[in-house]
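So the structure is just underneath, and the comments pick up after that.
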Amino acid sequence: MDVASPARVAATPAPAKKSRPLLRLGIHVGWVLVLALATELRVGRFGFHPSDQGFILAQAWRVLHGEVPHADIVSARPLGSAVLHVADFALPMPLFFGSSFLAMIEITVATIAFAALVTRRRVLDWGPGMTALVAAAALINLNAFPLMAWHTVDGIALTACGAWALDAGLRGERALARRGGLLLLGCAVLVKQSFVLAPVIGLFWLLLHPATRAGTRRVVRLVLDLLALGAPGLAYVTWVSLGGGFGTMVEQLTGGAPAYGERLLGLWLDDPEVLTRPPVRELVFFAAIAVVLLAVRLPGDRLGVVRRVASWVLVLAGAAAVVWTVVDGRFTGSTRWADVLWWIVAVGVAVNATVRRKVPWAGLLVLATGFMTSLSWGNDTPTLLTGTLALTALLLLGELVPPGPRPVRRWVTATAGLTAVAVCGWVVVARHDQAAYLDLGHDRLTEDLGTVTPAMSGIRTNPSTYTFVRQIRDCLDRFPAARTAILPDSPFAYPAFGLRNPFPLEWPLPLEIVGDAPERMLATADALSREGGYLVLFETDAFRELATGGPVPESIPADTPVFDYLGLEKAIQARLTGRTVTCGSFVGKYAP
């Protein structure tokens, strides 16, 4: 007969306290929403330019009305972003305000996902210090970029969240998370071709993971996983093909100007002296620290007091180099600070792998995402990933710090993190207040576009841009038509005023004109001339004055030259047989 001893009963540990996961989840969801809303209220809604701030929404507006990508809409990129941002129209807030709010949520969630992958810790286990550092990194990711729906932001978010879910699903044997992650990675390439590496990374991650080779139904499981990865692309191609656009899709997606990331990869090759100037000099400093750190750590893991102190000093010096790169960058693309941070992470990955004898796969994923982000025509640098690059470098360095005698108290890390959030928030606000994207300083953004159209309530701009937008509304009131176009640089107007654009392009920039776009634009003009019921407004030279607050005339002569890139607008104007009208700073052709 067994009898439990009193001593054994006394040694039974007390039950652990409940972690309250729902409360922790609510706190994390709450700070993401608060950060996004605060950023939109203080930064995102100030400044507006009629060109790219509305480009994605204009494409989403067309998809919402049943138009088929590449068949009805000419695009040099897959229109996955247009499909995603159909959701912006369902938000219970003004369209442009809500779209910017969602963009900041995307940036923040992507920052969280990358940080969770690099640290290998559940977000619910983060303390206030780590949470605050991630919030600060999200603000640095925004830096001077305008808050708006954009395909690069979508690509980063889909890659980060897809990899996060895939990793969680593989580690925890959760099929839903695993396949959900693969689905998101498959969607990434549909917002922009440069993110084609995302599903490739997901495929190799899946095939090389030990969990994929275990179990009795390996083949069935792998087939279902591969279907999840390929489902977005298959659905997109099927949709376009059924709409009669397969051939034009291939022509458009392969007809754009290529981007190879040469500016990022060749940071110092054109001018080696740049290595001695800020902020690139911080890369040289960081690389030198990395060499010394390797010399200190490689002889053995058992560190003496001198080696332990030297490791701490070197890691702190490396962290200072990362921080100073951000400071020296001043949130401007011309300083190449994003490229420097990318190379710092590359060095950090190599040092971390050498010292710990284990490849930091998450660090490589961040590097790959930075490279994909840099494959752009206008912003060929990983600027939208700067906060994540800086945080990844700091986390990789932190893994090389010898364990201390006692952990840092939580109030210390919380204070440091909140200080970082405050400083980064102040810098972001100051940078945007100095000059918003293609707009003026904060004190000159005196006009609310909500008085022109409810879709733009809360968006503030300068008086010149306000006048330009108001003139569009006045033209629409004076010359009502079932089909209306504003050429070439005002894609925002279609979702803002609920217009149906008869042309297959919202924004006929030279680089956006791919495939048979010119012929289709001219054919549309001929069809409008035959059928009538149209208003086509052509911008004049006044459009160039908007970003600088220059004059926008209230009336112009009918023979005023229209703003033109490649002669396409003038050719369309000549083919339209409607009567010539003038309205504000616009010259138009109108046939009721």
Side-chain angles (χ1 to χ4, degrees), residues 19 21-22 24-29 32 80 83-84 87 105-126 130-131 134 153-191 195-236 349 358-369 372 385 388 391-392 395 399:
S19 61
L22 291 179
R24 284 178 171 268
L25 178 61
I27 291 173
H28 281 287
V29 171
V32 171
V83 176
L84 289 176
I105 290 179
E106 282 188 85
I107 291 172
T108 306
V109 172
T111 310
I112 292 172
F114 280 125
L117 286 167
V118 174
T119 59
R120 310 295 289 176
R121 290 175 56 198
R122 294 194 321 149
V123 175
L124 297 184
D125 294 334
W126 289 356
M130 181 62 189
T131 301
V134 172
V153 174
D154 297 335
I156 292 172
L158 289 169
T159 300
C161 295
W164 186 21
L166 175 60
D167 180 62
L170 288 171
R171 287 194 294 156
E173 285 295 315
R174 290 178 288 174
L176 183 61
R178 184 179 70 251
R179 287 171 190 150
L182 291 168
L183 188 74
L184 293 177
L185 290 172
C187 288
V189 69
L190 296 180
V191 302
F195 287 92
V196 68
L197 284 178
V200 174
I201 291 171
L203 176 62
F204 279 97
W205 196 336
L206 176 71
L207 296 178
L208 297 177
H209 200 279
T212 305
R213 299 190 294 271
T216 57
R217 302 181 62 198
R218 295 191 300 273
V219 175
V220 174
R221 168 179 153 163
L222 180 60
V223 169
L224 293 176
D225 289 347
L226 293 177
L227 284 175
L229 182 64
L234 181 62
Y236 186 82
V349 166
K358 182 180 179 182
V359 177
W361 295 107
L364 291 176
L365 174 66
V366 171
L367 283 176
T369 307
M372 291 186 282
L385 209 65
T388 292
L391 182 60
T392 299
L395 293 173
E399 292 179 346

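The residues of the chain are indexed from 1 along the displayed sequence.
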pair [X]-[Y]: side-chain heavy atoms closer than 4.5 Å:
X: Val123; Y: Trp164; answer: yes
X: Leu395; Y: Glu399; answer: no
X: Leu203; Y: Leu226; answer: yes
X: Phe114; Y: Leu391; answer: no
X: Leu227; Y: Leu182; answer: no
X: Arg178; Y: Arg221; answer: yes
X: Ile201; Y: Leu365; answer: yes

Reported [atom1]-to-[atom2] distance for the pair [X] and [Y], which is rounded to 0.5 angstrom:
X: Leu206; Y: Asp225; atom1: CG; atom2: CG; result: 5.0 Å
X: Leu124; Y: His28; atom1: CG; atom2: NE2; result: 5.5 Å
X: Leu234; Y: Leu229; atom1: CG; atom2: CG; result: 11.5 Å

Within the distance-only criterion (no hydrogens, no angle test), does the side chain of Thr212 pair as donor or acceptor with the backbone N or O of Leu207 below 3.5 angstrom? no

After noting the C-alpha distance and the side-chain angles of Trp126 and Ile112, does the key distance pass the side chain to side chain contact (heavy atoms under 4.5 Å, CB included) rule? CA-CA 11 Å; Trp126 289 356; Ile112 292 172; 3.9 Å; yes

List in chain and number order the residues that pass side-chain contact (heavy atoms from CB on, under 4.5 Å) with Val349, two or more places apart in sequence or in another chain; answer none if no residue qualifies. Val345, Pro360, Leu364, Leu367, Leu396

Under the side-chain contact (heavy atoms from CB on, under 4.5 Å) test, which residues partner Ala362, sequence neighbours left out? Leu117, Val118

Of Ile156, Thr111, Leu158, Val153, which meets side-chain contact (heavy atoms from CB on, under 4.5 Å) against Glu106? Val153

Could you pull out the closest heavy-atom pair between [X] and [Y], with the gap in Å?
X: Met372; Y: Ala198; value: SD-N, 3.7 Å
X: Ala231; Y: Leu183; value: CB-CD1, 4.2 Å
X: Ala160; Y: Ala110; value: CB-O, 3.7 Å
X: Leu185; Y: Pro199; value: O-CD, 3.4 Å
X: Pro232; Y: Ala228; value: CD-O, 3.5 Å

Partners passing side-chain hydrogen bond (donor to acceptor under 3.5 Å, both in side chains) against Thr392 (at least two apart in sequence or in another chain): none

Residues, nucleotides or ligands: over 12 heavy atoms within 6.0 Å of Leu176 CG: no

For Arg120, is there an ion pair with Asp167 - N to carboxylate O distance below 4.0 angstrom? yes

Should Leu170 and Trp205 be marked as a side chain to side chain contact (heavy atoms under 4.5 Å, CB included) after you check the CA-CA gap, both sets of side-chain angles, and the distance that decides it? CA-CA 9 Å; Leu170 288 171; Trp205 196 336; 3.7 Å; yes

